[in-house]
Amino acid sequence: MRRPSALAIALLVVGLLAASAPGQYKPEFKMSVVVGPAGPWGEAATRFSELVRERTQGRINVKPYFAGQLFAGRQTTEFLLLVQGVADFAIGSTINWSPQVKELNLFSLPFLFPGDKAYRALDAVQQSEVGKRLFQIIESKGVVPLAWGENGFRQLTNSVRPVRRPADLQNLKIRVVGSPIFIDIFRFLGANPVSMNWAEAQTAFAQGTVDGQENPVNSVIIPFKLWTTQKYITVWNYVVDPLILGMSKQSWDALSAQDKDIVRRTALEVMARQKREARAGLEGSLEALETLRKNGMEVIVLTPEEVEAFRQATLPVYRKWKQEIGRTLVEAAEKVVQNTR
Ligand code: X2X
């Protein structure tokens, strides 16, 4: 028998590609989002869904499920939903994914990104080998990370008193996400941390069963109008909360090469804009804080010396979690931060 010619093989390949042509996807791709549709985080979900639908001529119909509808109130299981393919997409916080990807606790190391260069240092870490390594780890666990975004640097709010020094946090009941590093941080600061999902937290603020919480200004404090329950905000940039637009590996593998390209490009574009919006009025100038003042909040922006007192108080947590995350990875990140001007 003659061996098949190159032409025959080429025709076979073309035929196989045509057979797996786009258009046979499921009618809906589910996207998990912890927050609601308002603000930079939620708006990015809507924008991504619209652009992907348009650019794939309707082949990929992404539906955002806001307010944690897909994980029924348990935000630290979002990553598992992606792994299992229950959610096809998520714009997820690294905090919520950190129980499954412990390396993502890197961004929750207190005061890793210091002072005026905080945003530049963060971008540098994400673009460095450290950022690439984090994406590899996420992918090895069954989620394809497509783009970095940002919830933002997290600031402390409470309804009891202005917080300027660690002593001011004594016994304040602070709602934190159910990720253990946060319990450690607030215990070391002398507060009484309670972990709670975001949906329940808002009820707790309204009923006054907790005194405070910590979240970024543009993506959470403003869209959720936290001034209705919280009087004081301490701007201290103690940890940062990146977002990642990721896709379930199972769902990703089912896409054609052309659609993978559209999804990836759109994710990068939408999340670059999302990042700018999350930072608007907070990087360099602090105009975004005016919105809080206008709504009656007392804004306390810590001086570098005041920040240093909190950094000292949380050093044992930093050291403990450096081990948990992995010394090599943390040291590589520290080096990038040091080298950032
Ligand atoms: O629950 C929070 O605090 C939030 C909305 O910021 C996250 O999902 C990490």
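Read the numbers this way: they start at 1 and go in the same order the structure lists the ligands and their atoms. Just so you know, these numbers use all the heavy atoms, side chains as well, and skip hydrogens, waters and symmetry mates. In what follows, residues are counted from 1 in the order of the sequence shown. Values in this document were obtained by computation on a predicted structure and should not be read as measured data.
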Polar side chain donor-acceptor pair, Gln213 to Asn215, under 3.5 angstrom: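 There is such a pair between these side chains.
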For Ser32 and Glu78, test the side chains for any donor-to-acceptor distance below 3.5 angstrom and give the result as yes or no.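 There is such a pair between these side chains.
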Would you mind running through ligand 1 and noting each atom that sits below 4.0 Å from a heavy atom of [X]?
X      : result
Trp198 : 1 (O)
Asn215 : 2 (C), 3 (O), 4 (C), 6 (O)
Gln75  : 1 (O), 2 (C), 7 (C), 8 (O)
Asn151 : 6 (O)
Ser93  : 9 (C)
Arg154 : 2 (C), 3 (O), 6 (O), 9 (C)

Can you give me the closest heavy-atom contact between Lys102 and Glu324, atom names plus distance?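 Looking at all heavy atoms of both residues, the closest pair is CE-O, 3.0 Å.
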Any sub-3.5 Å donor-acceptor pair from Ser159's side-chain atoms to Asp211's backbone N or O?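 Yes.
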Cationic tip of Lys63 above Tyr65 ring, under 6.0 Å, 45° of axis: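 Flagged: Lys63 positioned over aromatic ring of Tyr65.
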Quick one: does ligand 1 sit under 4.0 Å from the side chain of Arg175, the backbone, both or neither, non-hydrogen atoms only?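 The side chain, only.
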Could you tell me whether Phe224 approaches ligand 1 through its side chain, its backbone, both or neither, with non-hydrogen atoms closer than 4.0 Å?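 For Phe224, there is no contact with ligand 1 at all, from either part.
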Write out the residue and atom name of the closest protein heavy atom to atom 8 (O) of ligand 1, then the distance separating them to 0.1 Å.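 It is Asn96 ND2, 2.8 Å.
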Take the angle between the ring planes of Trp236 and Tyr238 and call it parallel below 30°, perpendicular above 60°, tilted in between.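 Parallel, since the angle between the ring planes stays under 30°.
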I want to check something: taking the side chain as every heavy atom from C-beta on, are Phe48 and Met31 in contact at a cut-off of under 4.5 Å?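 A side-chain contact exists here, since the closest heavy-atom pair is under 4.5 Å.
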